[in-house]
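Below is one structure, written out as structure tokens; the observations come after it.
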There are 2 protein chains.
Amino acid sequence: MAVSIKDVAAAAGVSPATVSRALGGGKVSAELRAQVEAAVKQTGYRPNLSARRLRSQEAQTIGLIVADISNPFFTGVARAVEDEAYKAGLRVILCNTDESPEREAMYLQLMEEERVTGVIFSPTRTTVTKLMRHEPGFPVVLIDRAEAGGRHDAVVLDNFAAAQQLVEHLYDRGYRRIIGLFGNASTTGIERHDGYVAAMRHVGLTPEARFIAPSVEAAQHEVAGWFRANTLPEAVIASNGLLLMGAVRALREAGRETPRDLAIAGFDNESWTELTGPGLTVIEQPVAEIGRTAMRLLLERLDEPRAPLRKVVLGGRCMVRGSTAARGAT
Amino acid sequence: MAVSIKDVAAAAGVSPATVSRALGGGKVSAELRAQVEAAVKQTGYRPNLSARRLRSQEAQTIGLIVADISNPFFTGVARAVEDEAYKAGLRVILCNTDESPEREAMYLQLMEEERVTGVIFSPTRTTVTKLMRHEPGFPVVLIDRAEAGGRHDAVVLDNFAAAQQLVEHLYDRGYRRIIGLFGNASTTGIERHDGYVAAMRHVGLTPEARFIAPSVEAAQHEVAGWFRANTLPEAVIASNGLLLMGAVRALREAGRETPRDLAIAGFDNESWTELTGPGLTVIEQPVAEIGRTAMRLLLERLDEPRAPLRKVVLGGRCMVRGSTAARGAT
DNA sequence: GGGGGGTATGAAAACGATTTCAAACATCAT
DNA sequence: ATGATGTTTGAAATCGTTTTCATACCCCCC
């Protein structure tokens, strides 16, 4: 069917071995190399990657398994990972799990069957514990979410400190009754919750936390409930971009405004947070840096499989905008 | 190294052929099948996809090459494609070109080397003409953007009609001086431009179109220029989500408001368009439907390679929001 | 009881590349 | 001139599957 290395060899009047060497950068006389290149051009030869991988036993491919491809945080990370991988001569298989443990398991198995070189992975809480049992046949670098035990390299945000920052900022601006909204699928939700609780206690306030599904709808429903029940707090902290959007939607639907009726702060500096109302105060994550670091950790791990585990913790930056203006200033 | 089908065969006391048949759904006695399954479990066997693909000559994999993975339009399409592919037992390799013809060429070549079953592709204008020369070794379904000549199946929005709709809507609301902002990388920009011009002429207005790079920054810069030069129109139509965001940003930076100072309408019903200012009037594209249809066309093409070409044109829906409230109503 | 027809199984070929190994040849020092 | 050494090339083995082909077996019917 398609043209194989044998056809090229025949056309160039050399052996398949020589063609392989000429294309793979081996030692070949300039004369034969030219013949081979001409033959390649003439026949329109394209190497068969399956055959190459089978024989050489290296896939030159990494898997990138993210929880939600429509979340700007992950697309940002993906972009950085892809750029770095490309520089290192590696291909990337991008997989989207939608926070579903079943799909995570499916993709991890697929990665084994593809015999990938390594995997960068943002697991759900469910899988993170399961990962510790069955050891896959490739190194794994966790991003965004890490295990407590820490059996894999990881790069994460300093979630505890970031949540603290938000609480302190709101406290400084005069807000006292502050509810925290956290995603229940990931470990980041827990860490941010812990930072929130610690900071609240530290300034002498009573923490009120809600763990909900990581979706716009769940957050919107939760916050809308506060309006209906007339139990609106002074401020809300949303643990990620989806929850943040849900909170904003609920506010708009109720015909209210931030910060007059409810101060809002959250995570993920998505481009729309700048454009809604007076702008939303958020923690900006160093997205590209996370992707680059994950790739670097993976490459180093491949180089040195027995090196000690490493967990890189990056700091977030608080972008203050109008949604947390000083209380009563309006 | 890893456990192969021979190891399983040895463990089960059968031949490799039998193992292959047992796993592949061939005819095997219940007894042996049970032995094989036990052996698979015991040895932890995972088939090697490279070997399988090499021998069976079918990749069971499609490539999905999109122009911008951080654009919600494409993530929406990708999600639908992935779901459908999964149902059909196909894997998906997702590639992001960032509207770069070089990366497009690179990925198309990669797809050839992977010997993929087929490709779904949103090409730049540059590549769409080049595609017509070199015929790749797999069927291609174009999405979002199609060739004029039409050598490949395609599924696109009715861009002409959608742009018309926006112009008519703005005209009805009392706006007269309407500038159109179009992306210069894709064929959609051209089609939307044509619809805009036709509709403007039809109602007796003078079209004023600008072709710019498909980025937030380019649009922001363009619109900001209008403020500086004091040549602000009454309304602007932005040809996609990025340009729309640029226009909104420029407006905010100038401290102005929509629709009082400038009416805004555009394409792509991204979730933030609902949350900014009084909401933005946009054309909603049937994202999931586009993905599903593309996958269906591809499967049908694989089934019937010689069937006549098909181009599916889907209609958009106009979501009217506050950014195009009747002129002077405020 | 012997031949025909189907079925389950295994041996071996094949997929398309890389890599090992050996052979051929050139180079150079003795 | 001879042997040692190194370099370039080709023949053949190999990677882990699937698939073809042959074989052995069973069942049934005449």
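Hydrogens, waters and symmetry mates play no part in the numbers below; they use all other heavy atoms, side chains included. We name chains A, B, ... by the order of the sequence lines, and we start the count at 1 in each one.
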Between the base of D:dT14 and the side chain of A:Arg55, is there a donor-acceptor distance below 3.5 Å? yes
Quick check for you: among D:dA11, C:dG16, D:dT17, whose closest atom lies nearest to any side-chain atom of A:Ser4? C:dG16
Starting at the 5' end of DNA chain C, which residue's closest nucleotide do you reach first, B:Glu31 or A:Leu54? B:Glu31
Is B:Thr18 close enough to C:dT9 that one of its side-chain N or O atoms is under 4.0 Å from OP1 or OP2 there? no
Side chains of B:Thr124 and B:Glu104, donor plus acceptor under 3.5 Å: yes
Taking only the side-chain heavy atoms of A:Ile5 (C-beta and beyond), determine which of D:dT17, C:dA17, D:dG10 contains the nearest atom. C:dA17
B:Ser15, nearest nucleotide to its side chain (from C:dA17, D:dA11, C:dA11): C:dA11
Show your reasoning for whether side-chain hydrogen bond (donor to acceptor under 3.5 Å, both in side chains) applies to A:Ser15 and A:Thr18. CA-CA 5 Å; A:Ser15 74; A:Thr18 301; 3.3 Å; yes
Which listed nucleotide (C:dA17, D:dT9, C:dT18) is nearest to the side chain of A:Tyr45? C:dA17
Among C:dC15, D:dT17, D:dT19, which is the nearest nucleotide to the side chain of B:Gln57? C:dC15
Got a donor-acceptor pair under 3.5 Å from the side chain of B:Arg21 to the base of C:dG10? yes
Side-chain donor/acceptor of B:Arg115 to base of C:dG16, under 3.5 Å: no
